[in-house]
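Taking it in order: structure first as structure tokens, then the write-up.
In listed order, ligands and their atoms are each counted from 1. As the structure is a prediction and not an experimental result, all values here were calculated from the model.
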Amino acid sequence: MAARDWTAIRSLDPRPLSDLFAADPGRVSLLSLDVAGIHFDWSKTHLTSNALDAFVKLAGEAGLAEKRDAMFAGEAINVTEGRAVEHTAQRGEGAPESVEEARNFHARMRALIDAIEADALGPIRHILHVGIGGSALGPDLIVDALGRDSDRYDVAIVSNVDGSALEEAIEDFDPQATLLVIASKTFTTTETMLNAQSAVQWMSEGGVEDPYGKVIALTASPDKAVEWGVDETRILPFNESVGGRYSLWSSIGFPAALGLGWDVFEELLEGAAEMDRHFRFTDLNANAPVLAAFADLFYTQARGCETRAVFAYDERLRLLPSYLQQLEMESNGKRVTSEGEPVDYPTAPITWGGVGTDGQHAVFQLLHQGTHIVPVEFLAVIEPGDVLDPNHHRQLLLNAFAQGAALMKGRENEDGARAYPGNRPSSTLLLDTLDARTLGALIAFYEHRTFVSGVLLGINSFDQFGVELGKEMAKAADKGGLEFDASTTDLIKRAFGE
Ligand code: F6P
């Protein structure tokens with residue numbers, strides 16, 4: 001049985017975007033907002049004031065405000081795993097005891113960072129962080145976005161079990177000057193444990209007398225880290241209630257905090273907290289994550305859009321699409337409601353994207369003229385990240401804006417292959433600058449948007465049971481204890497002769 005009735009959403013205003021603009025001179029101010037240094041513009045989507053009303057009604061039926069408050073209050077809203085959802089407590093917004101616990105864990109993290117900076121573990125120049133999924137994507141995004149001019153440490157983040165990834169990362173590292181950081185919420189993830197083991201071996205072969213003395217563990221399972229050989233004083237724990245893909249604010253953010261400096265990490269948390277407060281205390285119809293989720297749901301439920309694209313017109317945000325893929329698809333790629341009933345409507349669209357202007361010369365043809373309607377999200381930053389001729393940045397931004405305009409306008413009065421229907425939706429996020437504070441707010445915005453979509457879809461955004469079977473089967477195949485289908489058996493035989 002369906003959890004939601006989308007009839008009202010499906011029967012919303014069918015007029016094209018150009019008509020919506022012509023009919024309402026106040027459209028841009030109705031559908032744009034400024035929060036935490038980010039300007040959000042949804043006016044090139046098909047949302048209207050009627051649509052907002054319909055969605056606010058739906059949000060009321062879904063209990064969005066109550067569920068949001070329950071999340072911030074530390075209630076066990078992750079019903080399938082019986083857990084609270086407390087990444088916001090890491091930023092100081094949540095149940096007082098969880099905020100207190102997060103502060104203590106952060107203090108411990110900071111003390112270890114101070115000690116490392118004071119050479120307590122010997123002179124360190126390189127940080128080798130091994131982790132995967134949520135234990136890698138967030139730190140990688142932050143270090144890549146903000147660390148370009150930092151000369152504090154070289155940071156390498158290795159996730160893939162493909163040995164080439166580790167080999168490449170350590171190629172220019174001196175094992176004697178390397179700190180090995182093992183990031184794993186569970187401390188059981190095969191890829192991470194194998195990478196960690198190989199990294200210790202590389203350190204040992206490189207003449208490090210006590211490689212385990214230079215290992216830091218970031219985990220919600222400290223006992224397992226101890227068992228693995230990490231000294232208790234170098235384990236930075238975080239709580240189970242912080243989900244893997246929401247964990248960069250916890251000790252999982254260690255490579256960013258050490259690599260960029262504690263002040264930068266604190267700014268990141270403060271920016272996120274500002275977005276938390278906006279989400280928590282602002283009316284639904286003026287609430288950035290809520291409006292973004294409304295637009296997302298309009299396109300999946302009313303227009304049959306199966307994907308959404310995110311194009312960052314800023315190299316510093318080039319890892320954002322992959323970060324969002326895990327956040328959105330692992331959270332909301334579900335087939336049943338929180339109560340376990342199959343849904344009869346689409347859940348998360350496929351998130352994909354890249355950087356502008358590169359995408360314009362590769363995939364934008366489909367966006368403009370293909371048969372799929374893909375809502376596109378453009379991100380751009382007013383303050384340039386480079387010091388070259390300002391024309392670089394001017395061209396970059398003008399291209400971002402022109403693409404949104406072209407998607408909407410199309411090309412009339414042309415025949416056949418040259419004609420574009422236009423009326424293709426896009427939204428734009430324009431950041432004043434890309435500093436830690438704004439980046440924190442941006443990521444928190446995406447987290448809350450994902451949560452809102454999950455609530456309106458009636459699903460639990462905080463479990464991920466769908467990833468288990470493949471892991472189990474790979475483990476079983478390794479032990480040789482599983483009867484596979486003929487195709488898989490043949491592939492294993494070809495690869496290993498078994
Ligand atoms: O396989 C999926 C997953 O469980 C993600 O949810 C998680 O971010 C990733 O694996 C890594 O898990 P861990 O931090 O426990 O190593």
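Every residue two or more places apart in sequence or in another chain that forms a ring-ring contact (aromatic ring centres under 6.0 Å, His included) with Trp42 is listed here: Phe40. Listed by chain and residue number, nothing satisfies the side chain to side chain donor-acceptor pair (under 3.5 Å) test with Gln301 (two or more places apart in sequence, or in another chain).
Relative ring orientation between Phe462 and His87 is described as tilted, the plane-to-plane angle lying within the 30° to 60° band.
Residues Glu93 and Val99 form no side-chain contact, since every pair of their non-hydrogen atoms from C-beta on lies 4.5 Å or further apart.
No donor-acceptor contact under 3.5 angstrom links the side chains of Thr347 and Asn332, judged on distance only.
Residue pairs meeting the side-chain hydrogen bond (donor to acceptor under 3.5 Å, both in side chains) criterion with at least one member in residues 205-230, sequence neighbours excluded: Gln201-Glu205.
For ligand 1, the protein residues placed under 4.0 Å by at least one non-hydrogen atom are Ile132, Gly133, Gly134, Ser135, Ser184, Lys185, Thr186, Thr189, Gln326, Glu330, Gln464, Val467, Lys471.
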